[in-house]
Amino acid sequence: MDNIAGTKSSLTWAVHISVVVLVAMWVLPTLGLFVSSFRTGDQIVGSGWWQSLTTQEQQLSPIRIEGDETETNGAFVIEGNLFGNARTTISSWGTSSREPEAYEPGQTAELGDGVTVTVQADGGYVLSSPVTTAGERLPRIFASATTPPEFTTDNYKTVLFSPLAGQTIFQAFMNTATVAIPATIIPILIAAFAAYALAWMEFPGRALLVAAIVGLLVVPLQLALIPLLQFHNWLGIGKGYLGIWMAHTGFGLPLAIYLLRNYMVGLPRDIIENAKVDGATDFQIFTKIILPLSFPALASFAIFQFLWTWNDLLVALVFLGTGNDQQVLTGNLVNLMGSRGGDWEILSASAFVSIAVPLLVFFALQRFLVRGLLAGSVK
Amino acid sequence: MIAGLERITGGDFSIDGVRMNDVPPAQRGIAMVFQSYALYPHMTVRDNMSFALKIAKKSPQEIAAAVDKAAKILQLTPYLDRLPKALSGGQRQRVAIGRSIVRDPKVYLFDEPLSNLDAALRVATRIEIAQLKEAMPNSTMIYVTHDQVEAMTLASRIVVLAGGGISQVGSPLELYERPENEFVAQFIGSPAMNLMEGEVSGTGAITTIKLKNGGIAHSAVPTQPADQGMKVKIGVRPEDLIEATGDSLYTGEVEITEALGEVTLLYFKKTGDGAQVVGKLPGIRPELRYNTVRLSADPKKVHLFANGKSLLYR
């Protein structure tokens with residue numbers, strides 16, 4: 001009975017587990033990166049991103065008391081709050097790193113020379129001193145506190161609009177878009193025409209051309225980097241956007257033509273013959289019949305090509321300059337890793353900016369991959 | 001080849017006396033209906049039907065008028081704004097026909113248009129095509145089919161193609177009554193015509209044939225005295241076999257009966273030469289199974305073939 005087609009395989013559970021594992025492998029790091037990018041550097045260092053979603057108790061980094069002192073009844077008093085927000089609750093505090101949990105909230109600590117500090121549970125403090133403390137180093141407060149989930153968009157403001165590693169991420173973002181969008185559209189335009197010709201037009205040498213394209217699929221692009229750059233220099237376009245568009249187009253074309261040709265060959269011959277009987281020229285058949293029907297293939301290739309060009313570092317390093325107006329996101333990230341390697345909040349926000357667009361593109365176009373546009377044309 | 005989708009390698013093809021060998025498909029004045037419908041899946045019915053006219057740069061009013069007219073003929077008006085995938089098989093086929101009607105061609109080409117439909121729809125659509133043909137007496141329809149019922153009911157002339165050539169051209173009844181060769185004889189009519197080997201034993205206006213299986217047959221096909229002793233095959237349609245009282249053409253034991261109500265089909269046990277004989281008797285006769293039945297036929301209904309060709313056409 002187990003072999004009857006249509007009955008559930010006994011290995012269904014293995015499939016389910018694999019799916020869950022795969023989804024977790026993909027979603028968890030992305031989610032972690034996403035959450036981290038909304039936390040401050042201190043939070044990232046202090047606790048994992050998975051803890052940031054719940055209220056938690058943690059040892060805060062020391063906070064130095066600061067503020068303007070006022071004189072009342074012969075005592076110099078500084079009042080203020082340790083935290084910017086009112087939701088953090090102190091469970092214990094201290095004034096030295098050796099005894100960070102020496103006092104309960106509301107207790108008063110003697111610091112010698114008549115100086116006293118009182119810290120309330122909400123972080124409010126009162127520093128009282130018989131002599132002025134102006135010009136002196138004020139004591140630091142070590143506090144253990146429960147903090148509700150707290151997120152900030154400051155990281156994004158920082159990475160997008162203030163120059164890090166020479167340029168802002170926003171500028172790098174625009175540079176990458178300047179590279180990736182034409183580098184996606186140009187090869188698709190060329191490849192669609194070529195694919196139609198190779199699929200449906202009769203001309204001598206067609207089979208050889210297809211074979212050549214399949215051959216080009218396996219040529220590694222590193223082979224072509226130096227000759228191509230020399231060629232660009234000889235042409236006089238040197239390093240620049242025009243050069244990288246041409247390079248990405250060239251590197252993407254074999255796969256584009258191959259994919260699209262295979263898809264177009266699979267379209268029903270009857271439809272194309274009928275269009276011929278209806279009087280359509282090859283160009284009309286291409287634009288009015290083939291292109292709309294090839295939309296799923298076009299979309300899937302567009303996704304691939306866009307992701308490649310967006311995430312590309314090598315080709316950009318070779319064919320683009322390193323100025324602020326030409327450095328792409330990946331290059332910027334590399335620089336950030338070097339210069340701001342410890343600032344995880346900056347790195348995570350930058351990384352998320354750079355993967356946001358690929359994610360968006362994928363989710364916007366993935367339904368075209370799934371939808372069968374051919375339903376209903378032939379039985 | 002007629003449509004111009006394949007190159008003509010030999011001979012001339014002309015429509016209305018104009019040589020069409022090198023004319024592109026669209027300018028031949030033809031329209032084609034494909035077996036698979038070949039509708040454009042991303043266009044609505046209206047767009048499907050107007051595509052050819054738009055390509056021909058007709059005015060929007062002209063296009064709308066032609067589409068509306070065709071839609072009315074085919075009762076497609078309520079579906080004009082649907083996509084093909086939202087239509088049933090019969091409706092899709094009507095759209096495909098409508099697409100050819102709007103072009104008002106001289107020649108319609110139908111490539112097995114009904115073979116994708118189920119039996120009931122096939123009959124209904126067949127009648128629609130027949131009415132369509134009557135409504136447009138000035139146009140020619142070339143209809144390719146494997147279904148002889150379609151061929152017999154729709155055609156004014158049938159061309160039977162076999163083995164890369166034309167077997168016979170004629171009206172449906174000509175093909176049925178006077179087949180030129182064994183292929184046409186067996187192809188037209190269901191169940192197929194019985195062929196039995198024999199030898200001419202008497203010549204004249206009525207030919208007498210001594211059959212290998214022992215029977216004696218008479219045929220109205222005339223023969224000359226020189227034909228005496230000639231090896232021939234006689235062909236008798238199952239429906240022309242009648243129960244014999246005297247001389248029998250065939251005697252055999254019935255192996256299987258199929259009672260269809262109006263007639264009963266008798267399948268006889270295979271004899272020495274391996275050919276199975278089928279008879280068709282009126283009425284319900286299942287009791288004949290396992291019985292020996294003697295059959296004869298009207299000489300006018302007995303065909304004579306020698307070397308595969310009918311002796312009628314010598």
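Side chains are part of it too, since the values below use all heavy atoms of this structure and drop only hydrogens, waters and symmetry mates. Below, chain A is the first sequence line, B the second, and so on; all start at residue 1.
Other residues, nucleotides and ligands place more than 12 heavy atoms under 6.0 Å from the CG atom of A:Leu22. The 12-atom threshold is not exceeded at OH of A:Tyr258, counting heavy atoms of other residues, nucleotides or ligands nearer than 6.0 Å. For A:Arg206, the CZ atom sits in a packed shell: over 12 heavy atoms of surrounding residues, nucleotides or ligands are nearer than 6.0 Å. In the displayed structure, A:Phe304 atom CZ is contacted under 6.0 Å by at most 12 heavy atoms of other residues, nucleotides or ligands. By the 6.0 Å contact criterion, OH on A:Tyr241 is enclosed, its count of non-hydrogen atoms from other residues, nucleotides or ligands being greater than 12. Counting non-hydrogen atoms of other residues, nucleotides and ligands closer than 6.0 Å to CZ of A:Phe283 gives a total of 12 or fewer.
For B:Tyr143, the side-chain hydrogen bond (donor to acceptor under 3.5 Å, both in side chains) criterion is met by B:Glu150, not counting sequence neighbours. Partners of A:Asp278 by salt bridge (charged side-chain N to carboxylate O under 4.0 Å, His left out), not counting sequence neighbours, listed by chain and number: B:Arg103.
Only the side chain of A:Gln284 comes within contact range of chain B, judged by heavy atoms closer than 4.5 Å. Heavy atoms of B:Ala86 lying under 4.5 Å from chain A are absent altogether.
Residues B:Ser100 and A:Val277 are not in side-chain contact: their nearest non-hydrogen atoms beyond the backbone lie 4.5 Å or more apart. Using a 4.5 Å heavy-atom threshold, the side chains of B:Phe51 and A:Asn274 count as separate.
Taken to the nearest 0.5 Å, the OH atom of B:Tyr40 stands 10.5 Å off from the CG atom of A:Leu293. Distance OG/B:Ser36 to CD/A:Glu273: 9.5 Å, rounded to 0.5 Å. Atom CG of A:Asp270 and atom CE of B:Met32 lie 7.5 Å apart (nearest 0.5 Å).
Across every non-hydrogen atom of B:Met43 and A:Lys288, the tightest pair is CE-O, 3.8 Å. Of all the heavy atoms in A:Ile271 and B:Leu39, the pair that sits closest is CD1-O, 3.4 Å.
Contact residues of residues 247-256 of chain A toward chain B are absent (heavy-atom distance under 4.5 Å).
Screening residues 20-40 of chain B for salt bridge (Lys or Arg N to Asp or Glu O under 4.0 Å), with sequence neighbours left out, gives B:Arg19-B:Asp22.
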